[in-house]
Number of protein chains: 2
Amino acid sequence: MNTSLAIKNRSLHDQVVSRVRDLIIEGVLEPGSRIDEAHLIEELGVSRTPFREALRTLAAEGLLIVRPSKGSVVRKWTPDEVYSMLEVLGHLEKLAGELACQRATDAEIAELIDLHERMMGHYQSTDRLVYYKLNQEFHGRLTGLSKNDSLIEMQRILQARLKRIRYIGSQKKENWAGAVTDHEVMIEALKQRDGAALGAAMQSHLVNTWDRVKDSI
Amino acid sequence: MNTSLAIKNRSLHDQVVSRVRDLIIEGVLEPGSRIDEAHLIEELGVSRTPFREALRTLAAEGLLIVRPSKGSVVRKWTPDEVYSMLEVLGHLEKLAGELACQRATDAEIAELIDLHERMMGHYQSTDRLVYYKLNQEFHGRLTGLSKNDSLIEMQRILQARLKRIRYIGSQKKENWAGAVTDHEVMIEALKQRDGAALGAAMQSHLVNTWDRVKDSI
DNA sequence: GATCTGCATTTTGTATACAAACATAAAAAA
DNA sequence: TTTTTTATGTTTGTATACAAAATGCAGATC
């Protein structure tokens, strides 16, 4: 019943939060749909108290909305909201790119280049899901190289909110090719430690993301 | 007992969250100190369940840390963390300034100028606390003119985390004068709708903030 | 047929009880 | 004296019970 909750050394709260977060991000719980407390606590094998605490955490992360006395619903983003998130995320990743060029070690850059190569492999073999997952990791890791914890945190929150939408946007073939081109430019700038170029590339990558996803929201 | 919790049309959760948030921001609950559940529950006149849900929300906002089985503590920022927050906030407010110049109406700009004038009045009369409060409002309102909800939200989170620290940093007289000069530059750029200048001014304002606060962390 | 009203059912919100983990301090051993 | 052990009280975590609110539906009314 509570099979996958058996990870040790993590509080029950954290486990419930990440379980439900995954259900939202993966689309098992559809945007706009109501959270069925009774059903989910049964499924997760926890009682209402920790489950509801987890809902509060997820609401603060922006993944769902708690409507007083009317239950919680999975948050559904309007096109305007998606645009605003991409606008901010693009700006944040621009900063991340600039800082990464200043602060990353050569080894860290090499690792990221390696990750990029692996992504290219999955692009060649049209392994969409693996590419998508590595792409999330790529953006997270690159932001990590900024060595700025607040930046990393804000990027992670926005990335989590956008995950579903980006997944949908990655499903058209021509979109994918465009994203890959963007990444090539980013990697080139990172190799040269050209902060301005990397920042600009990351920002325009997210502007392009809007073009790719806007029709599927 | 639960006197000030009597605001209508707000869920108990929201009321507890904002009450405790205020206690943290105002420094009644000191950074690093443990949250005395029993005591605060008594004080607020609520039971543990909604109180603990509120703690989860505040933890997600970054104002406190829940240590499993060891209680919650008011989050205490390291100098590095404060620097990282200011680095991000400066960058976000730079974007806000640029967007505000594009998207704000003339009336909105006039209102902000009016707020600025009022701040100057309180600067003249060395009314530090009022100035400080209006200053928070100024930054919030200016960010609001970006018309970007995600940006507004991220700015608010960071501003809440930094509130105490900025208050401390505003206590030296020469610091205050510097901040006022920054604001003059910002208002001038806003009047001209010069996005680049306003963005740069806002960013450098936050860089200067670091200089003002760094010794009092 | 459409809308309203009242009741039963379901769902949500809060309080409380119990169990588990932790902290403290006194007693025992080294 | 110092360290370890054990006992005790306190705090935290979770489950559950009860109260309040919302929802759905049947019958009444227009």
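Keep in mind it's a predicted model, so treat the numbers as computed, not measured.
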Quiz item: Which listed nucleotide (D:dA22, D:dT11, C:dT12) is nearest to the side chain of B:R34?
Solution: D:dT11
Quiz item: Closest nucleotide of DNA chain D for B:I35 versus for A:S69: which of these residues is on the 5' side?
Solution: B:I35
Practice problem: Considering non-hydrogen atoms only, spot the tightest contact between B:L142 and B:G97 and give its length. | Solution: CD2-CA, 4.1 Å
Quiz item: At under 4.0 Å between heavy atoms, what does A:T49 touch on the DNA or RNA strands: base, sugar-phosphate, or nothing?
Solution: base
Quiz prompt | Heavy-atom check, side chain of A:L58 versus side chain of A:V17, under 4.5 Å | solution = yes
Exercise. Please tell me which of the listed nucleotides, D:dT14, D:dT12, C:dT14, lies nearest to the side chain of A:S47?
Key: D:dT14
Quiz item: Whole Å only: how far is the NZ atom of B:K70 from the C1' atom of C:dA23?
Solution: 10 Å
Quiz item: If each of B:R48 and B:E53 is mapped to the nucleotide of DNA chain C with the nearest heavy atom, which maps nearer the 5' terminus, i.e. the 5' end?
Solution: B:E53
Quiz prompt | Nearest-Å distance for atom pair CZ/P, residues A:R67 and C:dT12 | solution = 9 Å
Quiz item: With respect to A:E108, which candidate in A:K147, A:R141, A:R103 satisfies the side-chain hydrogen bond (donor to acceptor under 3.5 Å, both in side chains) definition?
Solution: A:K147
Exercise. Please tell me which of the listed nucleotides, D:dT23, D:dT12, C:dT12, lies nearest to the side chain of A:E37?
Key: C:dT12
Quiz item: Taking CG from A:L12 and C1' from C:dA20, how many angstroms apart are they, rounded to a whole number?
Solution: 13 Å
Quiz item: Out of C:dC22, D:dA15, C:dA15, which nucleotide sits closest to the side chain of B:P50?
Solution: C:dA15
Quiz item: What is the distance, rounded to the nearest whole Å, between atom CD1 of B:I41 and atom P of C:dT14?
Solution: 13 Å
Self-check item: Value in whole Å for how far the P atom of C:dT14 lies from CG of B:D14
Solution: 10 Å
Self-check item: Atom CD of B:Q102 with >12 non-hydrogen neighbours under 6.0 angstrom
Solution: yes
